[in-house]
Peer 1: 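Sharing a structure, written as structure tokens. Questions coming.
Note: hydrogens, waters and symmetry copies are ignored here, and every other heavy atom, side chains too, is used.
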Amino acid sequence: IEDALIREIKEDSGMDVLEYELIAQRKIKNRECINGRFPHYCYIFKCKVEGEIKINEKEVKSINWYQKEDIKNLKLEPLWKFFFKKTGVI
């Protein structure tokens with residue numbers, strides 16, 4: 001999982017992961033992944049990164065830095081709302 005984290009961060013954002021910590025994980029039984037598989041496993045990491053954001057538009061809808069207060073006002077998918085609540089972000 002850690003190798004995938006580092007690879008995906010680089011691929012999606014152009015940034016390099018310096019440090020990481022797994023802060024939440026969950027097995028989602030009723031959410032299909034893009035490969036059509038059930039269940040879906042979600043892992044949330046807190047990362048220290050370096051570099052400039054270079055968004056890969058084929059992989060990512062958007063990338064931005066947000067303050068905790070700003071995240072509360074975003075239109076979030078239910079899964080992200082769940083994880084942000086679970087981790088104390090909102």
Peer 1: One pair to check against side chain to side chain contact (heavy atoms under 4.5 Å, CB included): Trp65 and Ile53. What are the steps and the verdict?
Peer 2: CA-CA 10 Å; Trp65 299 110; Ile53 293 176; 3.5 Å; yes

Peer 1: Consider side chain to side chain contact (heavy atoms under 4.5 Å, CB included). Of Leu74, Ile71, Ile44, which one does Phe84 pass it with?
Peer 2: Ile71

Peer 1: Crowded around Lys86 NZ? As in, over 12 foreign heavy atoms under 6.0 Å?
Peer 2: yes

Peer 1: Could you go through the side chain to side chain contact (heavy atoms under 4.5 Å, CB included) check for Tyr20 and Lys46 one step at a time?
Peer 2: CA-CA 6 Å; Tyr20 59 86; Lys46 179 179 180 179; over 6 Å; no

Peer 1: Please determine whether the number of non-hydrogen atoms from other residues, nucleotides or ligands lying under 6.0 Å from atom CD of Glu59 exceeds 12.
Peer 2: yes

Peer 1: For Val17 and Lys48, run side chain to side chain contact (heavy atoms under 4.5 Å, CB included): C-alpha distance rounded to whole Å, both residues' side-chain angles, the deciding distance at 0.1 Å, then the answer.
Peer 2: CA-CA 6 Å; Val17 176; Lys48 181 176 180 181; over 6 Å; no

Peer 1: Are Leu18 and Met15 in one and the same hydrophobic cluster, where Ile, Leu, Val, Met, Phe, Trp and Tyr link if side-chain heavy atoms are under 4.5 Å apart?
Peer 2: no

Peer 1: Is Leu5 close to Cys47 at the side-chain level, that is, under 4.5 Å between some pair of heavy atoms?
Peer 2: yes

Peer 1: What distance do Phe83 atom CZ and Ile23 atom CD1 have between them, rounded to the nearest 0.5 Å?
Peer 2: 9.5 Å

Peer 1: Is it the case that over 12 heavy atoms from other parts of the model lie below 6.0 angstrom from the CG atom of Asp3?
Peer 2: no

Peer 1: How many angstroms lie between SG in Cys42 and CZ in Phe82, if you round to the nearest 0.5 Å?
Peer 2: 9.0 Å

Peer 1: Test Phe45 against every option in Ile6, Ile1, Ile9 by the side chain to side chain contact (heavy atoms under 4.5 Å, CB included) rule and name the one that passes.
Peer 2: Ile1

Peer 1: Apply side chain to side chain contact (heavy atoms under 4.5 Å, CB included) to the pair Val49 and Ser13, showing each step before the final yes or no.
Peer 2: CA-CA 10 Å; Val49 297; Ser13 72; over 6 Å; no

Peer 1: Applying salt bridge (Lys or Arg N to Asp or Glu O under 4.0 Å) between Asp16 and each of Lys54, Arg7, Lys10, report the one that passes.
Peer 2: Lys10

Peer 1: Within this structure, what is the NZ-NZ distance for the pair Lys85 and Lys72, rounded to the nearest 0.5 Å?
Peer 2: 11.0 Å

Peer 1: Hey, is Glu11 close enough to Lys58 for a salt bridge, meaning N to O under 4.0 Å?
Peer 2: no

Peer 1: Just say parallel, tilted or perpendicular for the rings of Tyr43 and Tyr41, cut-offs at 30° and 60°.
Peer 2: parallel

